[in-house]
Amino acid sequence: MSEEKEPLNFLEQIIEEDIKKGMDPQRLRFRFPPEPNGYLHIGHTKAIGISFGLGEKYNAPVNLRFDDTNPAKEEQEYVDAIKKDIAWLGYTWENELYSSNYFQQLYDWAVLMIKNGKAYIDSQTSEEMREQKGTPTQVGSNSPYRNRTVDENLDLFTRMKVGEFDEGTHVLRAKIDMEDPNMLMRDPLMYRILKKSHHRTGNDWCIYPMYDWTHGESDYIEQISHSLCSLEFKPHRKLYNWFRDEVYTYAKEDYPAIPNQTEFARLNLSYTIMSKRKLLQLVEEGVVNGWDDPRMPTISGLRRRGYTPEAIRKFIKTVGVAKRENVIDVSLLEFCVREDLNKKANRVMAVMNPVKLVITNYPKGKEEFFEAGNNPEDKNSGNHQVPFSSELFIEREDFKEEASGKFFRLTLGSEVRLKNGYIIKGESVVKDGDGTTSEIRCTYDLDSLSGSGTEASTRKVKGTLHWVSIKHAIKAEVRVYDRLFNDEAPDSHKDKTFMDFVNPNSLKVTEAFLEPSLASAKPGDSFQFQRLGYFNVDNDSTPEYLVFNKTVGLRDSWAKKKPIQNNQKQRNPQQEKQRPPIEAIKQLGKKYTNLPAEKQARVRATIQELAKDVKYEDLEPLFGTAAKKAGTRIATMITLGVLLANGLENTQEVLDFINTASEDKNELLVEEAKALLQ
RNA sequence: UGGCCCAUGGUGUAACUGGCAACACGUCUGUUUUUGGUAUAGAAGAGUCUAGGUUCGAGCCCUAGUGGGCCAACCA
């Protein structure tokens, strides 16, 4: 048994180390803590995959905990949607929990903190408190209420709880350190007064706990071992630990285990946005038709679009986990669906942009039925029947009167196979008034029927077309989607918002003609429309009129060749230019000696160009470059040459540098140095 | 003016406790094919941001620089 050792990601490494250090693997426990204020999106899928994936790997329980501490934003609708999405992805949670379950416990602990002098009531306005808080680069100052007595604090807190005060008049704050470089430690809020009804606790509470206080202690109560979250929570860790360590002193008998937070980089997808707030805006402003619009990166949108849980899980597995910011190319997601659907989806024929094809030597009125394989990837998938007649639709793009040899489709005088049917030959065209082709006339080869076993049936022809018999075809709506945004990173621009990049053509609705076997398709069913892509039946479908969504197209190496490609690299030159020129020069220099002569000349010119903006002070430190780093010294020398030419005076340091270099064993360096000596 | 995090082919992730950079997607070829799909064979593409240091040896360790990200909601 050769156990392929899959490399562990950094989270797994941490867990393995904890186990090695003596932690009981039975104590492993994870959680996924969404706030029910929006729908889950593909980004959450990563967090879900990580925590639930770890649960599966280590056979440990994973709680689904709704972080519902803000009654103003949270709703039952979102709770239901989130549960549905996670279940659909194929994960099972150990317990369905709510932070609001712990409101009483949290309150009791807060009282203990007050009694221990670790928390106090502040009665200033939020503006006043914000000013005292300082800035990231400036320390804060203490609140005038910071030294209230325990009794006074207790009294006020109790009255806050029973609703004696208005919103915004008092808050409970932890007493930590207003000068801590980490702003979260500057006496963070623990409770605020909110006279709102909560989706679970109704009107029981007038005060609600804040995230930091609630989240960490919920982990603690649930005895979570590893609390995983995204990078932006890194600064919260210090506070997480502070609260945790304080509460531990009150509760270690009941809750002996201490959770630890670890952060990972969240998922970003090119051409999409990943903020619940912004997605909500798209919904509310009607840019899309709801959270489950197939253009949305939400799980419900992807599901409706025809993505499968398997594809999404594969995707998440493939992108991996680390701590650096990343942007994943949508093409990877698309690859994952295609890979999955290729194995599962039955092949059928549909014509989206039809043109009439008449087979002139096929008996008018005759019909036959061809056998069509359901899925060549799956031998057990069986066949279905497709009706044929003398009048068909084919795709308009599949015909050209004449074309180069690289065009593998129908032209006048050339032969082509009708998928699962006969070989036909283009004979003539009929055009309407404005010159567009209204009908193509062709002849067929009777002996060439697919699968008939005749010699003619195995003839090789240039290409194969999909088609549909006009008489038998059923009509259906097909919704074709393009990316929702035209920009790779729609929400990363200074002077524009993501709304400025909304693609006005992200949805195209057309009517297509389908082979009749599709009449019995049910919402959710996925098919491959031969040569076109993967499509699934939308919930808007009725038995009388089907509606399809295009999930994703087939890989198309023909389409790629047609347009003159100019979406080449376009690396962000902006970023390159922002680097100080001396940095760019150093980097170029490092590789200089390995370059072929031709490239060297180009790099040399680049260095000279960059050198124009280099100051002597920036260059001088490089004179001390180690002898073995010839490349860097050459680059330094080239740069120096430019500075000298522009009037730099020859100092002793400059002369020493040049002289030493002129005696080096690297010829290129010597050459550059000697050039400067003359 | 502060603190914390990050830096490996175009993208993402690897490289076990230092030992001549691998995998996937993407790109490009060839073969097969009744889907210009799939499959299959192969290629190009980074010498690991820069400099200094430790070491026989560094992508991995140390220091500094550079670049990027995060941190001032009674949001989570």
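Predicted model only: the values in this text are computed from it and were never measured. Below, read A as the first sequence line, B as the second, and so on, with proteins coming before strands; counting in each chain starts at 1.
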To the nearest Å, how far apart are Trp467(A) CH2 and rU35(B) C1'?
14 Å
Taking the inter-plane angle between the rings of Tyr422(A) and Tyr444(A) on a 0 to 90° scale, is it parallel (under 30°), tilted (30 to 60°) or perpendicular (over 60°)?
perpendicular
Ion pair Arg266(A)/Glu232(A), N-O distance below 4.0 Å:
yes
Heavy-atom nearest nucleotide on RNA chain B for Leu184(A) versus Arg347(A): which residue maps closer to 5'?
Arg347(A)
Describe the nucleic acid contact of Thr214(A) in one word from base, sugar-phosphate, nothing, applying a heavy-atom distance below 4.0 Å.
nothing
Looking at every strand, decide which applies to Asn182(A) at a 4.0 Å heavy-atom threshold: base, sugar-phosphate, or nothing.
nothing
According to a 3.5 Å limit on both distances, what stems of 3 or more consecutive Watson-Crick or G-U pairs are formed with RNA chain B?
B:2-7 with B:66-71, B:10-13 with B:22-25, B:27-31 with B:39-43, B:49-53 with B:61-65
Where the side chain of Thr137(A) is defined as all heavy atoms beyond and including C-beta, which of rC6(B), rG2(B), rC75(B) is the nearest nucleotide?
rG2(B)
Using a 6.0 Å cut-off, check whether atom NZ of Lys615(A) has over 12 heavy atoms from anything other than its own residue.
no
Could you tell me how the ring of Phe157(A) sits relative to the ring of Tyr107(A): parallel (under 30°), tilted (30 to 60°) or perpendicular (over 60°)?
parallel
Separation between the P atoms of rG69(B) and rU29(B), rounded to whole Å
37 Å
Between Pro235(A) and Ser126(A), whichever has its closest RNA chain B nucleotide further toward 5' is Pro235(A)
Does Phe407(A) reach a base, just sugar-phosphate, or nothing at all? Heavy atoms under 4.0 Å.
base
Out of rA76(B), rG3(B), rU35(B), whichever nucleotide has its closest atom nearest the side chain of Met210(A):
rA76(B)
When the P atoms of rU50(B) and rG67(B) are considered, how many whole Å apart are they?
15 Å
rC75(B), OP1 or OP2 - any side-chain N/O from Arg192(A) closer than 4.0 Å?
yes
Looking only at non-hydrogen atoms, find the nearest pair between Glu377(A) and Asn342(A) and report the distance.
CG-O, 3.4 Å
How many whole angstroms separate atom CZ of Phe264(A) from atom C1' of rC6(B)?
16 Å
Less than 4.0 Å between a side-chain N and a carboxylate O, is that true for Lys20(A) and Glu17(A)?
no
Once you round it to whole Å, what is the distance between P of rG10(B) and CG of Asn326(A)?
17 Å
Do Asp122(A) and Ser143(A) meet the criterion of a side-chain donor-acceptor pair at a distance under 3.5 Å?
yes
Protein-nucleotide distance (Glu263(A), atom CD; rC70(B), atom P), rounded to Å
15 Å
Report yes if the ring of Tyr211(A) lies under 5.5 Å from the six-membered base ring of rA76(B) with planes under 30°, and no otherwise.
no
Does NZ or CZ of Lys419(A) come closer than 6.0 Å to the centre of the six-membered ring of Trp467(A), within 45° of the ring's axis?
no
Ion pair check, Arg531(A) and Glu395(A), cut-off under 4.0 Å:
no
Heavy-atom nearest pair, Ile82(A) first then Pro36(A), reads CD1-CA, 4.0 Å
Could you check whether Phe233(A) gets within reach of a base, just the sugar-phosphate, or nothing at all, counting any heavy atom under 4.0 Å?
base
Closer than 3.5 angstrom, by distance alone: can the side chain of Glu371(A) be matched with the main-chain N or O of Gly451(A) as a donor-acceptor pair?
no
Closest non-hydrogen atom pair, Asn326(A) against Leu267(A)
OD1-CA, 4.0 Å
With a non-hydrogen cut-off below 4.0 angstrom, is Asn420(A) in contact with a base, only sugar-phosphate, or nothing?
base
Answer with base, sugar-phosphate or nothing: what part of the nucleic acid does Lys343(A) contact at a heavy-atom distance below 4.0 Å?
nothing
What integer number of Å spans the C1' atoms of rC60(B) and rC16(B)?
12 Å
Relative to each other, are the rings of Phe32(A) and His44(A) parallel, tilted or perpendicular (30° and 60° limits)?
perpendicular
Could you tell me how far rC49(B) sits from rA21(B) if I compare only their P atoms? Round to whole Å.
15 Å
With sugar-phosphate meaning primed atoms plus P, OP1 and OP2, does Val319(A) contact a base, only sugar-phosphate, or nothing at under 4.0 Å between heavy atoms?
sugar-phosphate
When all nucleic acid strands are considered with a 4.0 Å heavy-atom cut-off, which category describes Gln138(A): base, sugar-phosphate, or nothing?
nothing
Which part of the nucleic acid, if any, lies within contact of Met129(A), taking any heavy atom under 4.0 Å across all strands shown: a base, the sugar-phosphate backbone alone, or nothing?
base
What is the distance, to the nearest angstrom, from the CZ atom on Phe529(A) to the P atom on rU38(B)?
19 Å
Looking for any heavy atom pair under 4.0 Å, which part of the strands does Glu325(A) touch: base, sugar-phosphate only, or nothing?
sugar-phosphate
With a 4.0 Å cut-off on heavy atoms, is Lys419(A) in touch with a base, just the backbone sugar-phosphate, or nothing at all?
base
For Phe408(A) and Lys462(A), the nearest pair of non-hydrogen atoms, with its separation, is CB-O, 3.6 Å
Go through rG36(B), rA72(B), rA76(B) for me and flag the one nearest to the Glu74(A) side chain.
rA76(B)
Could you tell me whether Val461(A) contacts a base, only the sugar-phosphate backbone, or nothing, with contacts defined as non-hydrogen atoms closer than 4.0 Å?
nothing
Just to be sure I understand the rule, does Lys460(A) reach a base, reach only the sugar-phosphate, or reach nothing, if contact means heavy atoms closer than 4.0 Å?
sugar-phosphate
Please confirm whether any donor atom in the side chain of Arg531(A) sits under 3.5 Å from an acceptor in the base of rG36(B), or the reverse.
no
Atom pair distance, as rounded to whole Å: CG in Asn346(A) and P in rU38(B):
18 Å
Calculate the interatomic distance between Ile582(A) atom CD1 and rC49(B) atom C1'; express it in whole Å.
14 Å
Table of protein N/O atoms under 3.5 Å from nucleotides 23-31 of chain B N/O atoms:
from: rU27(B); atom 1: OP1; to: Lys560(A); atom 2: NZ; distance (Å): 2.6

In terms of the angle between their ring planes, are Tyr208(A) and Phe103(A) parallel, tilted or perpendicular, with boundaries placed at 30° and 60°?
perpendicular
Electrostatic pair Asp68(A)-Arg200(A), nearest N-O below 4.0 angstrom:
no
Check the distance between rU33(B)'s C1' and Gln530(A)'s CD and give it to me in whole angstrom.
12 Å
Could you go over nucleotides 50-53 of chain B and give all protein N or O partners under 3.5 Å, atom names and distances?
from: rU50(B); atom 1: OP1; to: Lys590(A); atom 2: NZ; distance (Å): 3.1
from: rU50(B); atom 1: OP2; to: Lys590(A); atom 2: NZ; distance (Å): 3.4
from: rU50(B); atom 1: O2'; to: Lys586(A); atom 2: NZ; distance (Å): 3.3
from: rA51(B); atom 1: OP1; to: Thr632(A); atom 2: OG1; distance (Å): 2.8
from: rG52(B); atom 1: OP1; to: Ala626(A); atom 2: N; distance (Å): 2.5
from: rG52(B); atom 1: OP2; to: Lys629(A); atom 2: NZ; distance (Å): 2.6

Check every atom of rU35(B), rC75(B), rA14(B) against the side chain of Asn9(A) and return the nucleotide holding the closest atom.
rA14(B)
For a quick check, tell me whether the side chain of Glu377(A) and the base of rG37(B) share a donor-acceptor pair closer than 3.5 Å.
yes
Out of rC74(B), rG37(B), rC71(B), which has the shortest distance to the side chain of Asn342(A)?
rG37(B)
Select base, sugar-phosphate, or nothing to describe what Gln124(A) touches, counting heavy atoms under 4.0 Å on all strands.
base
Apply the syn/anti split at 90° from 0 to rG47(B) and say which one it is.
syn
